[in-house]
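Values in this document were obtained by computation on a predicted structure and should not be read as measured data. Values below: all heavy atoms of this structure, side chains included; hydrogens, waters and symmetry mates excluded.
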Amino acid sequence: MKAIVVTDQAAGTAGMTLVERPEPQAAINDVVVQVHASGFVPTELTWPSTWTDRRDRDRTPSIPGHELAGVVTALGYGTTGLSVGQRVFGLADWYRDGTLAQYIAIEARNLAPLPGDVDFTVGASLPISGLTAWQGLFELGRLRAGQSVLAHGAAGAVGSMVTQLAREAGAYVIGTGRAVDRQAVLDFGAKEFIDLDNDALEDAGKVDLVFDVIGGDIGKRSAGMVRAGGTLVSVVGPVEARPADGLAVDFVVESDRAQLNEIVQRVRDGRLRTNIGNVSALNDAVAAFNPTERRKGKTIIRVRP
């Protein structure tokens, strides 16, 4: 099968190559999925799990990519809940070969059914951004109607999901980004927009929840904007500054079938819009991940035409 592999961490996305690899076999509780579309997060190439296994042993050449949508082609021993020929989407294990390939062996529990009226490209765009937003807002942030949310990077893949889900839950959303992102952020449902290059972040006042996808100085300053009893949720590593009278939580997203079902249902009924930018074929994936200009939205690889 064709697959994208990486072998050199220092090379970044430029070190990706398209090769032929053996088709994977389904282990216990696995399924094999013929991948139709795949999502990829460039920061994966900085994650230890891309390069080593759980025992810290080198596992290169490894196949990156962790989001997928496709069709089940084989079941491993003991696998239940899915069937051959079923359309699925989900989030692959960090420590196993990923989704930038024509086939993947993946634990069945990491997948959810993909309804027939949802395109594979849409399905592949949802797992990381959708689950990250859902878990940060509702599991860790305990967001309730009437609260306020400061959503950083609100025009990005994760931030746009945060904005939409928070708005649907009845929250008042303040989105941040660059000046060029203003209209997109408002269209996703934010009530206010802060241009991080030109506006004073602190002018937004106190909020109940900060969802930080940026970190650094922005993350530190955001901690001071969390009102008493509020929460700072970060997806960019350990929190450097904590709210004076609130919680600070950093987390790594996990697959959850029930949450995937909730997310895709919202896409089906129009409550949630995806944020897809460029769509490229697997043969063109390396170039797609090394663009010569800034691209808006999430890049998706259409593995199977």
Please confirm whether the backbone N or O of Pro113 pairs with a side-chain atom of Gln86, one donor and one acceptor, at under 3.5 Å? no
Taking Ile218 as the starting point, is it possible to reach Val233 by hopping between hydrophobic residues whose side chains are less than 4.5 Å apart? yes
Side chains of Thr121 and Arg302: any donor to acceptor distance under 3.5 Å? yes
If you measure only the distance, is there a donor-acceptor pair under 3.5 Å linking the side chains of Asn290 and Thr13? yes
Taking atom CZ of Arg109 and atom CD of Glu107, what is their separation to the nearest 0.5 Å? 4.0 Å
Should Asp93 and Arg54 be marked as a side chain to side chain contact (heavy atoms under 4.5 Å, CB included) after you check the CA-CA gap, both sets of side-chain angles, and the distance that decides it? CA-CA 11 Å; Asp93 188 284; Arg54 286 183 169 85; 3.0 Å; yes
Check Gly175 against Val185 and note the closest heavy-atom contact, atom names and distance. CA-CG1, 3.8 Å
Can a donor-acceptor pair be found, under 3.5 Å and without considering hydrogens, that links the side chain of Asn278 to the backbone of Thr299? no
Answer whether the closest heavy-atom distance between the side chains of Val158 and Phe211 falls below 4.5 Å. yes
Arg87 side chain to Val118 backbone, donor-acceptor under 3.5 Å: yes
Check this for me: does any side-chain nitrogen of one of Asp269 and Arg271 sit under 4.0 Å from a carboxylate oxygen of the other? yes
Passes side chain to side chain contact (heavy atoms under 4.5 Å, CB included), Val207 versus Tyr172? Steps please. CA-CA 9 Å; Val207 296; Tyr172 184 94; over 6 Å; no
Does any part of the side chain of Val210, heavy atoms only, come nearer than 4.5 Å to the side chain of His152, both counted from C-beta? yes
Verify, without hydrogens or angle tests, whether Arg227 (side chain) and Lys206 (backbone) share a donor-acceptor contact under 3.5 angstrom. yes
Pairwise distance CG(Leu18) to CG(Asp284) - rounded to 0.5 angstrom: 9.5 Å
Check: Val173 and Lys191 side chains under 4.5 Å, non-hydrogen atoms: no
Could you walk me through whether Leu150 and Ile174 satisfy the side chain to side chain contact (heavy atoms under 4.5 Å, CB included) test, starting with their C-alpha distance in whole Å, then the side-chain angles of each, then the deciding distance to 0.1 Å, before giving a yes or no? CA-CA 5 Å; Leu150 179 65; Ile174 304 165; 3.8 Å; yes
Ser255 side chain reached by Leu260 side chain, heavy atoms, under 4.5 Å: yes
Looking only at atom types and distance, does a side-chain atom of Gln34 sit under 3.5 Å from a main-chain N or O of Val71, one as donor and one as acceptor? no
Pairwise distance OG(Ser234) to CG(Leu140) - rounded to 0.5 angstrom: 11.0 Å
Between Met161 and Leu272, does a side chain to side chain contact (heavy atoms under 4.5 Å, CB included) hold up when you go through it step by step? CA-CA 8 Å; Met161 289 286 180; Leu272 193 61; 3.7 Å; yes
Within the side chain of Thr52, is there an N or O that forms a donor-acceptor pair under 3.5 Å with the backbone of Ser49? no
Side chain proximity check, Val5 to Thr17, heavy atoms < 4.5 angstrom: yes
Are Val41 and Ile63 in one and the same hydrophobic cluster, where Ile, Leu, Val, Met, Phe, Trp and Tyr link if side-chain heavy atoms are under 4.5 Å apart? no
From CD (Glu240) to CG (Asp217), nearest 0.5 Å: 9.5 Å
pair Leu68-Ile106: side-chain heavy atoms closer than 4.5 Å: yes
Working to the nearest 0.5 angstrom, can you tell me the gap between Gln265 CD and Glu262 CD? 8.0 Å
Return the minimal non-hydrogen interatomic distance between Leu100 and Ser38, and the atom names on each side. CD2-OG, 3.3 Å
Short question: side chain of Arg167, backbone of Phe188 - any donor-acceptor pair under 3.5 Å? yes
Check Pro115 against Val264 and note the closest heavy-atom contact, atom names and distance. CD-CG2, 3.9 Å
Does CZ in Arg221 sit with more than 12 non-hydrogen atoms of other residues, nucleotides or ligands closer than 6.0 Å? yes
Qualifying residue for side-chain contact (heavy atoms from CB on, under 4.5 Å) with Ser222, from Asp212, Leu201, Thr176: Leu201
Check whether any side-chain N or O of Asp195 sits under 3.5 Å from a backbone N or O of Arg182 as a donor-acceptor pair, and report yes or no. no
Minimum heavy-atom distance between Ala69 and Phe120, given as atom pair plus value: CB-O, 3.3 Å
Main chain of Leu45, side chain of Trp51: is a donor-acceptor contact present, judged purely on distance under 3.5 Å? yes
Quick test of your reading: applying side chain to side chain donor-acceptor pair (under 3.5 Å), list the pairs with at least one residue in residues 64-81, sequence neighbours left out, ordered by first then second residue. Glu67-Lys298
Shortest non-hydrogen contact between Val35 and Thr99, atoms and distance: CG1-O, 3.7 Å
With the 4.5 Å side-chain cut-off for hydrophobic clustering, are Phe193 and Leu196 part of the same group? no
Arg273, CZ: over 12 other non-hydrogen atoms inside 6.0 angstrom: yes
Connected via hydrophobic side-chain network under 4.5 Å: Leu91 and Val162: yes
Could you tell me whether the side chains of Gln135 and Glu254 share a donor-acceptor contact shorter than 3.5 Å? no
At their closest point, which heavy atom of Ala101 faces which heavy atom of Ala3, and how far apart are they? CB-CB, 3.6 Å
Side chain proximity check, Gln164 to Arg266, heavy atoms < 4.5 angstrom: no
Using 0.5 Å steps for rounding, measure from the CD1 atom of Ile276 to the OG atom of Ser160. 10.5 Å
Residue pairs involving residues 18-27 (criterion side chain to side chain donor-acceptor pair (under 3.5 Å); sequence neighbours excluded): Arg21-Asp97
Are Trp94 and Phe40 connected, step by step, through hydrophobic side chains (Ile, Leu, Val, Met, Phe, Trp, Tyr) whose heavy atoms are closer than 4.5 Å? no
Do the non-hydrogen side-chain atoms of Val253 and Trp134 ever get within less than 4.5 Å of each other? no
Between the main-chain N or O of Ser148 and the side-chain N or O of Asp208, is there a donor-acceptor pair closer than 3.5 Å? yes
